[in-house]
Amino acid sequence: MDQLPRPRLGISACLLGESVRYDGGHKRDLFCVDLLGPLVEWVPLCPEVEVGMPIPRPSVRLTGRAEAPSLIAERSGEDWTARMAAYAEQKVEQLRRLGLDGHITKKGSPSCGLERVRVWGSKGAPQRDGVGAFVAVLRRRLPLLPVEEEGRLHDPLLRESFVERVFAHARWQRLVKEGLTRGGLVAFHTAQKLAVLAHSPEGYRKLGKLVAGLKGKPLPELGETYAGLLMASLAVPATRGRHVNVLQHAAGYFKEAPAGDRRELEEAISDFGQGHVPLVVPITLLRSAARRHAADYLLGQAYLDPDPRELLLRNHA
(Lines give C-alpha, C1' and ligand atoms only; values in the text may rest on other atoms or scores of the structure.)
Protein backbone atom coordinates (compact mmCIF):
# COMPACT_ATOMS: atom_id res chain seq x y z
CA MET A 1 0.00 0.00 0.00
CA ASP A 2 1.02 3.62 -0.52
CA GLN A 3 1.86 5.73 2.51
CA LEU A 4 -1.25 6.38 4.56
CA PRO A 5 -2.72 9.87 4.27
CA ARG A 6 -2.91 12.14 7.31
CA PRO A 7 -6.63 12.44 8.03
CA ARG A 8 -8.28 15.67 9.17
CA LEU A 9 -10.76 15.11 11.99
CA GLY A 10 -13.22 17.39 13.72
CA ILE A 11 -13.42 16.92 17.47
CA SER A 12 -15.22 18.35 20.47
CA ALA A 13 -12.60 20.71 21.90
CA CYS A 14 -13.08 19.52 25.48
CA LEU A 15 -11.73 16.09 24.46
CA LEU A 16 -8.37 17.70 23.62
CA GLY A 17 -8.17 19.23 27.09
CA GLU A 18 -9.56 22.67 26.27
CA SER A 19 -11.49 24.13 29.24
CA VAL A 20 -14.69 24.93 27.37
CA ARG A 21 -17.33 22.94 29.24
CA TYR A 22 -20.25 24.54 31.04
CA ASP A 23 -18.43 24.18 34.38
CA GLY A 24 -15.16 25.58 33.04
CA GLY A 25 -13.57 22.14 32.90
CA HIS A 26 -12.57 19.71 30.17
CA LYS A 27 -12.82 15.99 29.32
CA ARG A 28 -9.35 15.27 27.96
CA ASP A 29 -9.39 11.86 26.28
CA LEU A 30 -6.13 9.89 26.36
CA PHE A 31 -6.78 7.92 23.18
CA CYS A 32 -7.63 11.03 21.17
CA VAL A 33 -4.72 13.10 22.49
CA ASP A 34 -1.89 10.65 23.05
CA LEU A 35 -2.49 7.82 20.54
CA LEU A 36 -4.54 9.14 17.65
CA GLY A 37 -3.44 12.77 17.94
CA PRO A 38 0.09 12.42 16.46
CA LEU A 39 -1.35 10.70 13.36
CA VAL A 40 -4.14 13.11 12.43
CA GLU A 41 -4.84 16.80 12.03
CA TRP A 42 -7.42 18.03 14.53
CA VAL A 43 -10.10 20.62 13.86
CA PRO A 44 -11.38 21.35 17.40
CA LEU A 45 -14.71 23.08 17.99
CA CYS A 46 -17.16 23.73 20.80
CA PRO A 47 -20.59 24.57 19.40
CA GLU A 48 -21.85 25.98 22.69
CA VAL A 49 -18.96 28.43 23.04
CA GLU A 50 -18.91 29.30 19.34
CA VAL A 51 -22.64 30.04 19.36
CA GLY A 52 -22.07 32.61 22.09
CA MET A 53 -22.44 30.85 25.44
CA PRO A 54 -19.96 31.94 28.13
CA ILE A 55 -17.45 29.87 30.15
CA PRO A 56 -18.60 28.88 32.70
CA ARG A 57 -22.27 28.92 31.77
CA PRO A 58 -25.67 27.61 32.81
CA SER A 59 -26.09 24.06 31.50
CA VAL A 60 -28.44 23.53 28.57
CA ARG A 61 -30.56 20.52 27.66
CA LEU A 62 -32.73 19.18 24.88
CA THR A 63 -36.46 19.46 25.48
CA GLY A 64 -39.59 18.45 23.59
CA ARG A 65 -39.66 15.73 20.93
CA ALA A 66 -36.50 13.78 20.05
CA GLU A 67 -37.12 14.33 16.31
CA ALA A 68 -37.04 18.12 16.70
CA PRO A 69 -35.95 19.13 20.20
CA SER A 70 -35.33 22.62 21.52
CA LEU A 71 -32.05 23.61 23.17
CA ILE A 72 -32.93 25.35 26.43
CA ALA A 73 -30.89 26.73 29.34
CA GLU A 74 -31.97 24.77 32.41
CA ARG A 75 -32.34 27.57 34.95
CA SER A 76 -33.15 30.68 32.92
CA GLY A 77 -35.17 28.99 30.20
CA GLU A 78 -33.24 30.90 27.51
CA ASP A 79 -33.88 29.32 24.10
CA TRP A 80 -30.75 28.66 22.02
CA THR A 81 -32.46 26.52 19.38
CA ALA A 82 -32.52 28.98 16.46
CA ARG A 83 -29.04 30.31 17.14
CA MET A 84 -27.56 26.81 17.35
CA ALA A 85 -29.33 25.77 14.12
CA ALA A 86 -27.97 28.79 12.22
CA TYR A 87 -24.49 28.28 13.62
CA ALA A 88 -24.51 24.55 12.82
CA GLU A 89 -25.46 25.08 9.18
CA GLN A 90 -22.68 27.62 8.72
CA LYS A 91 -20.07 25.61 10.65
CA VAL A 92 -20.80 22.34 8.87
CA GLU A 93 -20.38 24.10 5.53
CA GLN A 94 -16.96 25.30 6.71
CA LEU A 95 -16.07 21.77 7.76
CA ARG A 96 -17.22 20.42 4.39
CA ARG A 97 -14.86 22.80 2.61
CA LEU A 98 -12.02 21.74 4.92
CA GLY A 99 -12.51 18.15 3.76
CA LEU A 100 -12.90 16.33 7.07
CA ASP A 101 -12.32 12.57 7.19
CA GLY A 102 -14.12 11.98 10.48
CA HIS A 103 -15.45 13.58 13.63
CA ILE A 104 -15.28 12.62 17.33
CA THR A 105 -18.03 13.90 19.58
CA LYS A 106 -18.61 14.22 23.34
CA LYS A 107 -20.90 11.54 24.71
CA GLY A 108 -24.18 12.76 26.17
CA SER A 109 -23.69 16.41 25.20
CA PRO A 110 -26.90 18.28 24.23
CA SER A 111 -24.94 19.86 21.37
CA CYS A 112 -22.39 17.16 20.47
CA GLY A 113 -23.84 13.81 21.58
CA LEU A 114 -24.20 11.22 18.83
CA GLU A 115 -26.88 9.01 20.35
CA ARG A 116 -28.87 8.37 23.54
CA VAL A 117 -28.76 12.05 24.53
CA ARG A 118 -31.33 12.92 27.21
CA VAL A 119 -34.42 14.71 25.93
CA TRP A 120 -36.72 16.21 28.54
CA GLY A 121 -40.46 16.10 27.96
CA SER A 122 -43.15 18.07 29.69
CA LYS A 123 -43.10 15.77 32.70
CA GLY A 124 -41.41 12.69 34.05
CA ALA A 125 -37.88 11.37 33.52
CA PRO A 126 -35.98 12.28 30.35
CA GLN A 127 -35.81 9.83 27.46
CA ARG A 128 -32.38 8.84 26.13
CA ASP A 129 -33.34 8.99 22.47
CA GLY A 130 -31.87 12.30 21.28
CA VAL A 131 -28.97 13.51 19.14
CA GLY A 132 -26.98 16.64 19.97
CA ALA A 133 -28.23 19.78 18.21
CA PHE A 134 -24.97 20.35 16.31
CA VAL A 135 -24.25 16.71 15.48
CA ALA A 136 -27.76 16.26 14.05
CA VAL A 137 -26.91 18.87 11.39
CA LEU A 138 -23.42 17.41 10.85
CA ARG A 139 -24.82 13.95 10.14
CA ARG A 140 -27.55 15.28 7.87
CA ARG A 141 -25.24 17.48 5.82
CA LEU A 142 -22.23 15.10 5.70
CA PRO A 143 -23.79 11.61 5.62
CA LEU A 144 -20.60 9.84 4.46
CA LEU A 145 -18.46 11.25 7.28
CA PRO A 146 -17.42 8.70 9.94
CA VAL A 147 -18.68 10.06 13.28
CA GLU A 148 -18.19 8.46 16.69
CA GLU A 149 -18.40 9.32 20.38
CA GLU A 150 -15.30 9.25 22.54
CA GLY A 151 -17.02 6.89 24.99
CA ARG A 152 -17.68 4.27 22.32
CA LEU A 153 -14.04 4.48 21.23
CA HIS A 154 -13.11 2.72 24.46
CA ASP A 155 -14.55 -0.44 22.88
CA PRO A 156 -11.68 -2.05 20.86
CA LEU A 157 -13.95 -3.23 18.02
CA LEU A 158 -15.74 0.12 17.66
CA ARG A 159 -12.41 1.94 17.81
CA GLU A 160 -10.94 -0.26 15.08
CA SER A 161 -14.02 0.18 12.89
CA PHE A 162 -14.06 3.96 13.23
CA VAL A 163 -10.36 4.46 12.53
CA GLU A 164 -10.48 2.11 9.53
CA ARG A 165 -13.33 4.17 8.05
CA VAL A 166 -11.48 7.41 8.74
CA PHE A 167 -8.41 6.28 6.79
CA ALA A 168 -10.52 4.81 3.97
CA HIS A 169 -12.33 8.15 3.73
CA ALA A 170 -8.96 9.95 3.64
CA ARG A 171 -7.73 7.68 0.83
CA TRP A 172 -10.89 8.37 -1.14
CA GLN A 173 -10.63 12.13 -0.67
CA ARG A 174 -7.01 12.03 -1.79
CA LEU A 175 -8.03 10.18 -4.95
CA VAL A 176 -10.78 12.72 -5.71
CA LYS A 177 -8.48 15.67 -5.02
CA GLU A 178 -5.86 14.29 -7.41
CA GLY A 179 -8.52 13.95 -10.09
CA LEU A 180 -10.89 11.01 -10.29
CA THR A 181 -10.46 8.85 -13.37
CA ARG A 182 -11.99 5.52 -14.33
CA GLY A 183 -8.63 3.84 -14.03
CA GLY A 184 -8.05 5.44 -10.65
CA LEU A 185 -11.44 4.27 -9.39
CA VAL A 186 -10.77 0.71 -10.54
CA ALA A 187 -7.35 0.71 -8.83
CA PHE A 188 -8.83 2.15 -5.64
CA HIS A 189 -11.58 -0.46 -5.58
CA THR A 190 -9.12 -3.26 -6.22
CA ALA A 191 -7.14 -2.19 -3.14
CA GLN A 192 -10.29 -2.05 -0.99
CA LYS A 193 -11.79 -5.41 -1.96
CA LEU A 194 -10.67 -7.59 0.94
CA ALA A 195 -11.34 -4.87 3.51
CA VAL A 196 -14.91 -4.49 2.27
CA LEU A 197 -15.42 -8.27 2.17
CA ALA A 198 -14.49 -8.51 5.87
CA HIS A 199 -17.30 -6.09 6.68
CA SER A 200 -20.08 -6.71 4.18
CA PRO A 201 -20.22 -9.43 1.50
CA GLU A 202 -23.33 -7.70 0.17
CA GLY A 203 -21.48 -4.39 -0.12
CA TYR A 204 -18.61 -6.25 -1.78
CA ARG A 205 -20.95 -7.54 -4.47
CA LYS A 206 -22.66 -4.20 -5.01
CA LEU A 207 -19.40 -2.30 -5.30
CA GLY A 208 -18.00 -4.90 -7.70
CA LYS A 209 -21.07 -4.63 -9.88
CA LEU A 210 -20.89 -0.84 -9.83
CA VAL A 211 -17.23 -0.75 -10.88
CA ALA A 212 -17.80 -3.41 -13.55
CA GLY A 213 -20.38 -1.11 -15.15
CA LEU A 214 -18.16 1.97 -15.26
CA LYS A 215 -18.15 2.42 -19.00
CA GLY A 216 -20.44 5.10 -20.35
CA LYS A 217 -21.60 6.46 -16.96
CA PRO A 218 -20.92 10.02 -15.70
CA LEU A 219 -17.82 9.74 -13.51
CA PRO A 220 -18.70 12.37 -10.84
CA GLU A 221 -22.08 10.78 -10.19
CA LEU A 222 -20.54 7.31 -10.21
CA GLY A 223 -17.88 8.43 -7.73
CA GLU A 224 -20.49 9.75 -5.30
CA THR A 225 -22.44 6.50 -5.51
CA TYR A 226 -19.28 4.46 -5.02
CA ALA A 227 -18.18 6.50 -1.98
CA GLY A 228 -21.60 6.13 -0.37
CA LEU A 229 -21.61 2.36 -0.83
CA LEU A 230 -18.03 2.05 0.37
CA MET A 231 -18.56 3.94 3.61
CA ALA A 232 -21.87 2.16 4.27
CA SER A 233 -20.17 -1.22 3.73
CA LEU A 234 -17.26 -0.41 6.04
CA ALA A 235 -19.73 0.76 8.70
CA VAL A 236 -21.09 -2.80 8.94
CA PRO A 237 -19.21 -4.45 11.84
CA ALA A 238 -16.57 -6.92 10.71
CA THR A 239 -16.94 -10.34 12.33
CA ARG A 240 -14.43 -13.01 13.24
CA GLY A 241 -16.06 -15.37 10.74
CA ARG A 242 -15.80 -12.89 7.87
CA HIS A 243 -12.18 -12.17 8.79
CA VAL A 244 -11.46 -15.90 8.65
CA ASN A 245 -13.10 -16.08 5.23
CA VAL A 246 -10.92 -13.23 3.94
CA LEU A 247 -7.76 -14.69 5.45
CA GLN A 248 -8.44 -18.11 3.90
CA HIS A 249 -9.14 -16.45 0.56
CA ALA A 250 -5.81 -14.62 0.77
CA ALA A 251 -3.97 -17.77 1.83
CA GLY A 252 -5.09 -19.33 -1.44
CA TYR A 253 -2.50 -17.18 -3.22
CA PHE A 254 0.29 -19.34 -1.72
CA LYS A 255 -0.58 -22.75 -3.11
CA GLU A 256 2.94 -23.02 -4.54
CA ALA A 257 4.63 -21.93 -1.30
CA PRO A 258 6.57 -24.46 0.83
CA ALA A 259 4.33 -26.72 2.88
CA GLY A 260 5.76 -25.39 6.14
CA ASP A 261 4.84 -21.80 5.23
CA ARG A 262 1.31 -22.79 4.26
CA ARG A 263 0.83 -24.81 7.43
CA GLU A 264 2.03 -21.97 9.67
CA LEU A 265 -0.41 -19.56 8.03
CA GLU A 266 -3.29 -22.04 8.21
CA GLU A 267 -2.63 -22.66 11.91
CA ALA A 268 -2.57 -18.93 12.63
CA ILE A 269 -5.89 -18.45 10.83
CA SER A 270 -7.41 -21.36 12.74
CA ASP A 271 -6.11 -20.01 16.07
CA PHE A 272 -7.61 -16.61 15.29
CA GLY A 273 -10.92 -18.20 14.31
CA GLN A 274 -11.07 -19.93 17.70
CA GLY A 275 -10.21 -16.72 19.54
CA HIS A 276 -6.77 -17.90 20.72
CA VAL A 277 -4.76 -15.13 19.05
CA PRO A 278 -5.58 -11.59 17.86
CA LEU A 279 -6.05 -10.68 14.21
CA VAL A 280 -2.59 -9.13 14.01
CA VAL A 281 -1.00 -12.63 14.14
CA PRO A 282 -2.38 -14.09 10.86
CA ILE A 283 -2.20 -10.63 9.24
CA THR A 284 1.52 -10.37 10.03
CA LEU A 285 2.18 -13.86 8.61
CA LEU A 286 0.11 -13.05 5.55
CA ARG A 287 1.99 -9.82 4.93
CA SER A 288 5.32 -11.59 5.34
CA ALA A 289 4.32 -14.38 2.94
CA ALA A 290 3.11 -11.85 0.38
CA ARG A 291 6.50 -10.13 0.44
CA ARG A 292 8.48 -13.37 0.20
CA HIS A 293 6.43 -14.66 -2.71
CA ALA A 294 5.91 -11.31 -4.47
CA ALA A 295 2.13 -11.46 -4.19
CA ASP A 296 1.64 -7.93 -5.48
CA TYR A 297 -2.18 -8.12 -5.38
CA LEU A 298 -2.13 -8.85 -1.65
CA LEU A 299 0.57 -6.27 -0.93
CA GLY A 300 -1.70 -3.67 -2.51
CA GLN A 301 -4.67 -4.52 -0.27
CA ALA A 302 -5.79 -1.97 2.31
CA TYR A 303 -6.88 -4.96 4.41
CA LEU A 304 -3.26 -5.63 5.35
CA ASP A 305 -2.66 -2.03 6.49
CA PRO A 306 -5.98 -0.21 6.92
CA ASP A 307 -4.57 2.22 9.49
CA PRO A 308 -1.29 3.02 11.28
CA ARG A 309 0.22 0.05 13.09
CA GLU A 310 1.22 2.33 15.97
CA LEU A 311 -2.44 2.28 17.09
CA LEU A 312 -2.32 -1.51 17.69
CA LEU A 313 -5.97 -1.76 16.70
CA ARG A 314 -5.74 -5.41 15.68
CA ASN A 315 -3.93 -6.57 18.78
CA HIS A 316 -7.04 -7.25 20.86
CA ALA A 317 -8.26 -10.83 21.21
Side-chain angles (χ1 to χ4, degrees), residues 1-9 39-41 96-103 142-148 160-238 242-243 245-247 249-250 252-253 279 283 286-287 290-291 294-309 311 313-314:
M1 285 291 296
D2 296 334
Q3 183 177 2
L4 289 171
R6 185 179 180 86
R8 178 177 289 165
L9 273 69
L39 304 170
V40 304
E41 177 186 342
R96 185 193 66 78
R97 292 198 297 267
L98 280 175
L100 292 189
D101 296 303
H103 193 90
L142 301 177
L144 300 186
L145 189 71
V147 181
E148 192 55 274
E160 179 184 350
S161 173
F162 173 70
V163 174
E164 181 179 3
R165 284 182 284 138
V166 163
F167 278 87
H169 193 278
R171 290 187 185 99
W172 174 255
Q173 289 214 119
R174 181 174 62 183
L175 176 66
V176 172
K177 186 175 181 180
E178 292 172 350
L180 186 62
T181 64
R182 285 174 168 76
L185 179 54
V186 170
F188 180 91
H189 175 66
T190 299
Q192 291 292 329
K193 280 185 174 181
L194 296 186
V196 171
L197 187 58
H199 287 267
S200 172
E202 181 182 0
Y204 175 85
R205 290 190 293 271
K206 287 182 177 179
L207 285 165
K209 185 176 179 180
L210 182 67
V211 173
L214 272 174
K215 190 174 181 180
K217 294 184 178 179
L219 195 54
E221 179 182 329
L222 193 66
E224 288 185 11
T225 302
Y226 180 88
L229 275 172
L230 173 68
M231 299 312 298
S233 299
L234 293 178
V236 176
R242 285 198 285 267
H243 274 305
N245 178 54
V246 170
L247 291 166
H249 174 79
Y253 282 80
L279 181 58
I283 287 289
L286 189 61
R287 190 187 299 117
R291 287 172 177 160
D296 292 339
Y297 173 78
L298 291 181
L299 291 174
Q301 288 297 306
Y303 181 74
L304 295 186
D305 291 291
D307 40 54
R309 297 176 199 171
L311 295 175
L313 296 179
R314 290 175 158 180

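Since this is a predicted model, take the numbers as computed values, not measurements.
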> In terms of side-chain heavy atoms, does His103 have a donor or acceptor partner in Glu148 at a distance below 3.5 Å?
Replying inline: no

Please answer whether the main-chain N or O of [Y] pairs with a side-chain N or O of [X] as donor and acceptor at a distance below 3.5 Å.
| X | Y | answer |
| --- | --- | --- |
| Thr225 | Glu221 | yes |
| Glu41 | Arg6 | no |
| Gln301 | Thr190 | yes |
| His199 | Val236 | yes |
| Arg242 | Leu197 | no |

>> When you measure from the centre of the six-membered ring of Tyr303, is the NZ or CZ of Arg314 closer than 6.0 Å and no more than 45° off the axis?
In response: yes

Atom pair [atom1]/[atom2] of [X] and [Y] - distance to nearest 0.5 Å:
| X | Y | atom1 | atom2 | answer |
| --- | --- | --- | --- | --- |
| Phe167 | Arg174 | CZ | CZ | 11.0 Å |
| Arg291 | Leu304 | CZ | CG | 9.0 Å |
| Leu311 | Arg309 | CG | CZ | 12.0 Å |

> Do the non-hydrogen side-chain atoms of Leu9 and His169 ever get within less than 4.5 Å of each other?
Replying inline: no

> Is any side-chain heavy atom of Phe162 closer than 4.5 Å to a side-chain heavy atom of Val147?
Replying inline: no

> Taking 4.0 angstrom as the limit, do Arg165 and Asp101 come out as a salt bridge?
Replying inline: no

> Any ion pair linking Lys206 and Glu202 (charged N to carboxylate O, less than 4.0 Å)?
Replying inline: yes

>> For a side-chain contact (heavy atoms from CB on, under 4.5 Å) check, start with the C-alpha distance between Trp172 and Leu180, then their side-chain angles and the critical distance, and finish with the verdict.
In response: CA-CA 10 Å; Trp172 174 255; Leu180 186 62; 4.1 Å; yes

> Should the pair Tyr297 and Tyr253 be assigned to parallel (<30°), tilted (30 to 60°) or perpendicular (>60°) ring geometry?
Replying inline: parallel

> If you look at every heavy atom in Leu145 and Gly102, which pair is closest and at what distance?
Replying inline: CD1-N, 3.3 Å

> So among Asp307, Val40, Leu39, which one has a side-chain contact (heavy atoms from CB on, under 4.5 Å) with Pro7?
Replying inline: Val40

